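All remarks here apply to the structure that follows.
Not measured: the values here are computed from a predicted model.
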Amino acid sequence: MKVIRQLALAACLVLPLSAWAEVVVSDAWVKPTIPGTENGAGYFVIENQGTSAVTLVGVKTDVARASEVHQHVMNDEGMMRMRRVPELTLAAGEQVTFQPGSYHVMFFGVKNPFKVGSSVAFQLQFADADALDVVAEVRPLK
């Protein structure tokens, strides 16, 4: 019996934390690229349905030279500015909406313009969970 308990404990220690992480992305969309620009933005709802916190640390894609998580914040002069968010921790049960004027994914150096009706693939990377592949529809701005 003692050996079984030790083996069970050892298995728990070697299993990655991602075994308990349940991150779900819904309503993923990307706005069309503005003619004459090389940047784009993506939005979605992300929810941590797991029992422990997870930390989003990056975005990877082949559709652009670089991609990062950004957030719009108000500066001291009352102007909205974008800032890079190197880490975004979601507590167990927490949901965050990436939307215009808030959190979003910035795509820098878009290789082909994002056109309404097409899709954009990217991968969310976490410090403590498996990467999550996302396919976002390119939608017109309302």
Can you name the nearest heavy-atom pair linking [X] to [Y], along with the distance?
X	Y	result
Ala129	Val54	CB-CG1, 4.1 Å
Val138	Lys31	CG1-C, 4.1 Å
Ala136	Phe122	CB-CE2, 3.9 Å
Thr33	Asn39	CG2-O, 3.8 Å
Val30	Gly42	CG2-CA, 4.0 Å
Pro32	Val116	CG-CG2, 3.7 Å

[X] side chain to [Y] main-chain N or O, any donor-acceptor pair under 3.5 Å?
X	Y	result
Ser119	Glu137	no
Thr51	Ala92	no
Asn48	Ala91	yes
Thr97	Gln99	no

Q.
Counting neighbours of NZ on Lys111 that are heavy atoms of other residues, nucleotides or ligands and sit closer than 6.0 Å, is the number greater than 12?
A. yes
Q | Heavy atoms of other groups near Met79 CE, more than 12 under 6.0 Å | A | no
Q: Over 60° means perpendicular and under 30° means parallel, so classify the ring planes of Phe114 and Phe107, tilted if in between.
A: perpendicular
Q.
Taking ring-ring contact (aromatic ring centres under 6.0 Å, His included) as the cut-off, I'd like each qualifying pair that reaches into residues 46-83, sequence neighbours left out, listed once.
A. His70-His104, His70-Phe108, His72-His104
Q: With sequence neighbours excluded, give me every side-chain hydrogen bond (donor to acceptor under 3.5 Å, both in side chains) pair touching residues 76-86.
A: Gln71-Arg83, Asn75-Glu77
Is it the case that one hydrophobic cluster holds both [X] and [Y], taking links as side-chain heavy atoms less than 4.5 Å apart, direct or via other members?
X	Y	value
Met106	Val120	no
Val57	Leu132	no
Tyr43	Leu141	yes

Q: Run the ring-centre check on Phe98 versus Phe44 and record whether the distance is less than 6.0 Å.
A: yes
(Q) Measuring only between side-chain heavy atoms, which start at C-beta, is Val96 closer than 4.5 Å to Leu90? (A) yes
Q.
With a 4.5 Å cut-off on side-chain heavy atoms, are Ile46 and Leu124 touching?
A. yes
**Q.** Full working for side-chain contact (heavy atoms from CB on, under 4.5 Å) between Val63 and Val110
**A.** CA-CA 6 Å; Val63 302; Val110 171; 5.8 Å; no
(Q) Could you measure the distance from the CG atom of Leu56 to the CG atom of Asp128? Nearest 0.5 Å is fine. (A) 10.0 Å
Q | Nearest-0.5 Å distance, CD of residue Glu47 to CD of residue Gln95 | A | 5.0 Å
**Q.** Gln123 side chain to Asp133 side chain, donor-acceptor N/O pair below 3.5 angstrom
**A.** yes
Q | Contacts of type side chain to side chain contact (heavy atoms under 4.5 Å, CB included), residue Thr89, not counting sequence neighbours | A | Ala53, Thr55
Q. Do NZ/NE/NH1/NH2 and the carboxylate oxygens of Asp27 and Arg139 come within less than 4.0 Å?
A. yes
